[in-house]
Protein chains: 2
Amino acid sequence: MGKTEAKRRYDDACGTAHGLELIGERWALLVLRELMLGARRFSDLRADLPGISANVLTQRLTELEDRGLVRRKKLPPPASSNVYEATEWGLEAEPIVQVLGRWAARSPMHDPTMPISATSIMLSLKTMADEKRAKGFEARIGFRFGEERFVGRMRKGRFKVARAEPVDTDFTFTGTPPQLAAVIYGGAPLDSIGFDGDAGLARKFVTLFPLPPKASVAG
Amino acid sequence: MGKTEAKRRYDDACGTAHGLELIGERWALLVLRELMLGARRFSDLRADLPGISANVLTQRLTELEDRGLVRRKKLPPPASSNVYEATEWGLEAEPIVQVLGRWAARSPMHDPTMPISATSIMLSLKTMADEKRAKGFEARIGFRFGEERFVGRMRKGRFKVARAEPVDTDFTFTGTPPQLAAVIYGGAPLDSIGFDGDAGLARKFVTLFPLPPKASVAG
DNA sequence: CCGTATCCAATAAGATACTG
DNA sequence: CAGTATCTTATTGGATACGG
C-alpha cells in the first residue's frame, strides 16, 4: 500500500491534482460523503454503499485515516465496536460533494431511480435547495428512514439537517430514501411516502428542489 | 469499453456518485482542467500532464467525448490535426476543479515545488484570489510561458483570465509556471521571474493569493 | 455482529514500441 | 505529430475464511 501511493501520484503541484491524490480513488469520496452527517459503523457503510466490497472499504478507511480525513473511534465497552467519523478537514470536503452533485445533475444520463442512502438524499436537499424559491419558506421537517432519523430546517432559502429524533416538526416523512427522492425529484405524489403533519407546507416544500436543465450532449 | 462502464458503476442515484462515473476515472478531471482555457492538441495534453500515457489519454478523451464533455475538432487542411475542446457542460465543471483545489490546499502533505502547467497556475489564481484582500486592486496582467500567453484581469476582488497576447498590460510576467508559483505561493522574490511593467502594482498583486491554514492531521 | 486477511478473476493503468 | 498495439503490473471486486 505504501508502494501504491508512491507510484500513483500525479506529480503535479496543482491543488486539484493533490486533491485527487487525497480523495480521488474509487469510492473514497462516497465513503467520506456517508460520514458527513455523523459517525458510521463499518457495516452501515457497507449497507449504504451498494457494491463496495469489505476489503476495498477497509482499504479506503485506512487511507482516509492516514491522510487525516477520517478518525476511527472505539465505542465504550458494551458495544466494543468501532465507528468512523470525518475529521474537521474531512467535513470541509462537503462543498466538493455538493458541487460535483449539482454539476452531475445536469447529466442526460442520470438515472434517479436507483438506490440512494439516507445520508445521500439528505445532503442532496442541502445541495439542490433553490434559494430564491425557498425564500420566505420556513419549516422544521422530520425524516424517518427505518432506524435513521433526521431533522431538517428550511430557513432563509437554506436547508440544514442533522441526525435527530423528529419532535416538534411541522411535518415528517416516513419511508425509504428512494421514495423521498421520487417525491422530491421525480414528481411522485406526496401520498406515495408516509407523511404526517401540515400537508400544505409539505406540498410546498417538495417543490423547492428543482433539477437543473439537462445538458445537451451535442455540447 | 461498453462493458467497463456497465461493471464499474456505483449503482447509486446520488448526483455525486453519478458525477464520479462521469469524471471520476484517473486523469479525467485533470484532462478536463487542461481544456478550461481553450482547445488543446493531443501532444499539448501529454506535455501538460506529466506521467499520463498515450493510451490512457486516448481512452479518457474518447470517454469524455462520449459523455458530452469534450468535443474533437479537426483543424483546417494545412494543420490537418485534431484539437480537443471542452463543451459548454464540460466548462461548467470548473467549480469542481476550484473547490477541490481550494480544499486540497489545506493539506499538510501538499508539495508545491512540483511541475505545474500553464493552465493550472492560471486557474489556481482564479481559485485562490482573496476577494477581501484584492478589493480595490485593479490591473491587467500579462503572462508569457514559452509559447503560451495569457492576459488576466484583477477587478472587484476577482481574477479572470484568457489566452491572449499581452498588450496594454500594467505588468507582464515572463518565465515558467513553476517560477510564477514560487513567487505567488512560495514567497520567492519578484525578480526570480522575468518581469516588466509597474513593479509597485506587481508587488501588491503577488500578495493577493494567500494559502489557507494547513489542516492538522490530528483532526 | 464487526471487521480483517487471503485468494482469484476481471479490468484498468503504465511502459514501450510501432504505424500512418 | 497523433495516435494504436502490445505487454506487464496494479487495483478492483467477489467469495470465503478467519479471529474478536
Side-chain angles (χ1 to χ4, degrees), chain A residues 1-12 17 20-21 23-31 34 39-66 70-85 147, chain B residues 1-12 17 20-21 23-31 34-35 39-66 70 72-85 147:
Chain A
M1 214 160 35
K3 216 170 184 182
T4 297
E5 319 232 351
K7 296 205 77 150
R8 304 215 34 173
R9 305 188 88 109
Y10 288 108
D11 287 333
D12 189 323
L20 292 172
E21 288 171 349
I23 52 170
E25 285 110 352
R26 196 165 154 74
W27 295 108
L29 188 59
L30 298 181
V31 171
E34 291 300 327
R40 307 292 278 151
R41 287 176 303 179
F42 191 89
S43 52
D44 296 331
L45 293 172
R46 279 200 80 177
D48 292 340
L49 297 169
I52 197 170
S53 58
N55 49 4
V56 172
L57 179 55
T58 298
Q59 193 178 333
R60 284 302 97 87
L61 286 170
T62 307
E63 289 161 359
L64 291 173
E65 196 183 0
D66 290 346
V70 163
R71 197 187 297 118
R72 179 186 311 236
K73 261 182 18 187
K74 193 156 214 86
L75 293 179
S80 98
S81 84
N82 290 321
V83 293
Y84 300 87
E85 67 177 8
E147 298 302 303
Chain B
M1 208 162 34
K3 213 170 179 179
T4 298
E5 320 233 348
K7 298 207 73 145
R8 304 215 33 174
R9 303 189 92 108
Y10 287 109
D11 287 333
D12 189 324
L20 291 172
E21 287 169 350
I23 52 170
E25 286 109 352
R26 193 162 158 74
W27 295 107
L29 188 60
L30 298 181
V31 171
E34 291 300 325
L35 303 179
R40 307 290 279 151
R41 286 177 304 181
F42 192 89
S43 52
D44 296 332
L45 294 170
R46 278 199 80 176
D48 292 340
L49 298 168
I52 196 171
S53 57
N55 51 2
V56 172
L57 179 55
T58 298
Q59 192 177 335
R60 284 303 96 87
L61 286 169
T62 307
E63 289 162 0
L64 291 172
E65 197 183 359
D66 291 346
V70 163
R72 180 184 312 234
K73 261 184 11 190
K74 194 159 213 84
L75 292 180
S80 97
S81 83
N82 290 321
V83 293
Y84 300 87
E85 67 178 10
E147 298 301 302

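Letters go in sequence order (proteins before strands), and every chain restarts at 1. Atoms considered below: every heavy atom in the structure, side chains included; atoms not considered: hydrogens, waters and symmetry mates.
E25(A) has its CD atom 16 Å from the P atom of dA10(D), to the nearest Å. Rounding to whole angstrom units, CZ of residue R9(A) and P of dA13(C) are separated by 19 Å. Rounded to whole Å, the distance from CG on L57(B) to P on dG14(C) is 12 Å. Rounded to an integer number of Å, the gap from L61(B) CG to dG3(D) C1' is 11 Å. Here dA2(D) presents its C1' atom at 18 Å from NZ of K73(B), a figure rounded to the nearest Å.
One finds a side-chain N or O of R72(B) lying less than 4.0 angstrom from the OP1 or OP2 phosphate oxygen of dG3(D). For dC2(C), the OP1/OP2 oxygens have a side-chain nitrogen or oxygen of S43(A) closer than 4.0 Å. Distances shown here put every side-chain N or O of Y84(A) at or beyond 4.0 Å from the OP1 or OP2 atom of dC2(C). At the phosphate of dG3(C), neither OP1 nor OP2 sits under 4.0 Å from any side-chain N or O atom of R46(A).
Residue pairs satisfying the salt bridge (charged side-chain N to carboxylate O under 4.0 Å, His left out) criterion with at least one member in residues 50-59 of chain B, sequence neighbours excluded, are absent. Among residue pairs with one or both ends in residues 41-50 of chain B, those qualifying as side-chain hydrogen bond (donor to acceptor under 3.5 Å, both in side chains) are R40(B)-D48(B); sequence neighbours excluded.
Applying the side chain to side chain donor-acceptor pair (under 3.5 Å) test to D11(B) and every residue at least two apart in sequence or in another chain returns nothing. Applying the side chain to side chain donor-acceptor pair (under 3.5 Å) test to D12(B) and every residue at least two apart in sequence or in another chain returns R33(A). The side chain to side chain donor-acceptor pair (under 3.5 Å) check on T58(A) picks up nothing, with sequence neighbours excluded.
Less than 4.0 Å separates DNA chain D from at least one heavy atom of each of the following residues of residues 47-55 of chain B: A54(B), N55(B).
The aromatic rings of F42(B) and Y84(B) sit tilted relative to each other, their planes meeting at an angle between 30° and 60°.
The side chain of R26(B) sits closest to dG14(C) out of dT12(D), dG14(C), dA2(D). Among the nucleotides dT12(D), dA2(D), dC2(C), the one closest to any side-chain atom of R41(A) is dC2(C).
A donor-acceptor pair is defined here as one N or O able to donate and one able to accept, closer than 3.5 Å; no such pair exists between the side chain of R72(A) and the backbone of T62(A).
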